[in-house]
Amino acid sequence: MAPAADQVHATLRRSWQCSPGPCIPLGDDAWRVGIDDGQFDATRLDGDQFVVKWAPVARRRGFEAGLCAAEHVDASGVCAGRPVRAADGALTTRAGDGVLALLCLVPGRPLRADDPLDQSWWGGALGAVHRSLRRFVHPDLARFQAATAPAAAPHLATEPWLGPAVADTAAVVRRIMITDQLTYGVRHGSPAAARFRLDSATGRVGLVGWAGSGTGPLLYDLAHAVLCAGGTGTDALVEAYVRAGPVPADECAAILPPMLALRAATHAVTVAAKIHAGVGTPRDHAELTRLATLLL
């Protein structure tokens, strides 16, 4: 369980040796905090604003690998919410049964998934991030696996098409990974529109939320973005990605469709699990119907 705001405040004072302001919750495991000491990033206009992020201790290694990726991207010139290291040089410090990281705030508004212009910003920024990470390696980044859900999982019976769709799309991608030459690299893992920040003052687009980053085919990241943008009618996003990123256009044209199908199937499994558990909403039912149109 994430710590309370007062524990976060005390940890910042102790481990980062700073004088933080109030910790304002940004969900269950993140807080926004002002630190006006000027000791961390006085070069930015908003250099006194930071985000504190918490992760369970069991995920510490992967969490820190994502922080290192963000640090690398930020150094390349793309804002990524780089971590501010603690006084002892550590990326994270213990807080209860988890760890805390202090991150620079990435200024700007979230991108809108249904806006064609924002989709261009979205694709271009994702491509630039992938290119900046071409030489980055870390032993604790999770490896991509085109795995299927257990055949006996009860939520796969939510819809008759779901189980076969998961098995078939995963088999296709596994075969492609063996027979085709794909562009591999470090993936963000969850490049939805809400993870990007457009700073209207500078025109720069940043990318936050690196906890789920890993390695694998870069087009699976693009497939995630395309699915979040609706799954169809996303030419602006894809074209901007190809212009900025390291994946050739012919690979994108051939491999993006099966990657999108796999991403849709795995997302459908997640939605079906919520519905089966009795916590699904009308929006989840509508989402499962939308995903079916992409897979059938």
Side-chain angles (χ1 to χ4, degrees), residues 1-13 15-16 18 20-35 40 46 48-71 73-74 79-84 86 91-114 118 122 125-126 129 142 187-199 205-214 221 224-225 227-229 267 270-271 273-275 277 279-284 287:
M1 181 180 295
D6 58 348
Q7 187 178 356
V8 174
H9 194 273
T11 302
L12 289 173
R13 292 180 63 89
S15 296
W16 277 267
C18 61
C23 295
I24 303 170
L26 299 173
D28 295 333
D29 60 1
W31 301 261
R32 180 165 175 166
V33 60
I35 304 174
F40 294 138
D46 57 347
D48 62 344
Q49 295 297 305
F50 298 84
V51 171
V52 181
K53 181 73 175 176
W54 179 87
V57 71
R59 291 174 43 207
R60 183 174 193 167
R61 293 176 63 178
F63 182 50
E64 290 190 348
L67 295 177
C68 288
E71 194 172 47
V73 171
D74 205 278
C79 293
R82 67 172 177 83
V84 177
L91 285 164
T92 64
T93 190
R94 284 295 298 266
D97 57 356
V99 293
L100 288 176
L102 180 64
L103 314 174
C104 291
L105 178 75
V106 177
R109 65 163 177 84
L111 296 182
R112 294 183 291 268
D114 59 351
D118 275 19
W122 189 356
L126 182 60
V129 163
R187 301 182 303 106
H188 176 270
S190 184
R195 302 279 187 172
F196 292 80
R197 298 289 185 272
L198 173 61
D199 185 354
V205 180
L207 177 57
V208 301
W210 290 86
S213 56
D221 252 8
H224 185 111
L227 184 65
C228 292
H267 182 45
T270 301
V271 176
K274 289 180 61 179
I275 294 173
V279 295
T281 65
R283 183 175 181 178
D284 291 318
E287 177 69 353

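Throughout, residue positions are numbered sequentially from 1 according to the sequence presented. As the structure is a computational prediction, the values presented were derived from the model and not from experiment. Heavy atoms only: backbone and side chains are in, while hydrogens, waters and symmetry mates are out.
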* To do: Could you check if a side-chain atom of Arg197 sits within less than 4.5 angstrom of a side-chain atom of Pro110, using non-hydrogen atoms only?
  => yes
* To do: Please step through side-chain contact (heavy atoms from CB on, under 4.5 Å) for the pair Leu103 and Leu67, ending with a clear verdict.
  => CA-CA 9 Å; Leu103 314 174; Leu67 295 177; 3.5 Å; yes
* Backbone N/O of Met1 and side chain of Asp97: donor-acceptor pair under 3.5 Å -> yes
* To do: Taking the side chain as every heavy atom from C-beta outward, state whether Trp16 and Thr93 have any atom pair closer than 4.5 Å.
  => yes
* CZ (Arg61) with more than 12 external heavy atoms under 6.0 Å -> no
* **Test item: Asp221 side-chain N/O and His188 main-chain N/O as donor-acceptor pair under 3.5 Å** => yes
* To do: Enter the distance from Arg109:CZ to Leu198:CG here, rounded to the nearest 0.5 Å.
  => 5.0 Å
* Asked: Sub-3.5 Å donor-acceptor pair from the side chain of Asp48 to the main-chain atoms of Gly34, do we have one?
  -> no
* Residue pair Pro20 / Arg13: nearest heavy atoms and the distance that separates them -> CD-CG, 3.5 Å
* Look only at the side chain of Asp284 and the backbone of Thr281, and say whether a donor-acceptor pair between them is shorter than 3.5 Å. => yes
* **Over all atoms of both residues, closest heavy-atom pair of Glu64 and Leu91** => O-CD1, 3.9 Å
* To do: Evaluate the criterion side-chain contact (heavy atoms from CB on, under 4.5 Å) for residue pair Leu100 and Trp54; output intermediate values, then yes/no.
  => CA-CA 5 Å; Leu100 288 176; Trp54 179 87; 3.6 Å; yes
* **Minimum heavy-atom distance between Arg94 and Val99, given as atom pair plus value** => CD-CG1, 3.7 Å
* Is there a side-chain contact (heavy atoms from CB on, under 4.5 Å) between Leu12 and Cys23 once you walk through the steps? -> CA-CA 10 Å; Leu12 289 173; Cys23 295; 4.3 Å; yes
* Student check: side-chain heavy atoms of Phe50 and Cys104 closer than 4.5 Å -> yes
* Which heavy-atom pair separates Ala80 from Val73 by the least distance, and what is that distance? -> CB-CG1, 3.8 Å
* Asked: Taking all atoms of both residues into account, what is the closest heavy-atom pair of Ser213 and Gly66, and its distance?
  -> OG-CA, 3.2 Å
* **Which atom of Ala95 lies closest to which atom of Pro3, heavy atoms considered** => CB-CG, 4.3 Å
* Give a yes or no on whether the backbone of Thr92 and the side-chain of Arg60 come within a donor-acceptor separation of less than 3.5 Å. => yes
* Measure the shortest side-chain to side-chain distance between Pro83 and Trp210 over non-hydrogen atoms and say whether it is less than 4.5 angstrom. => no
* Asked: Is the side chain of Trp122 donor-acceptor paired with the backbone N or O of Ala229 at a distance under 3.5 Å, no angle test?
  -> no
* Leu102 and Val52: CA distance, side-chain angles, deciding distance, side-chain contact (heavy atoms from CB on, under 4.5 Å) verdict -> CA-CA 5 Å; Leu102 180 64; Val52 181; 3.9 Å; yes
* To do: Would you confirm whether Asp118, through its side chain, and Leu111, through its main-chain N or O, come within 3.5 Å as a donor-acceptor pair?
  => no
* When you measure from the side chain of His267 to the backbone N and O of His224, does any donor-acceptor pair fall under 3.5 Å? -> no
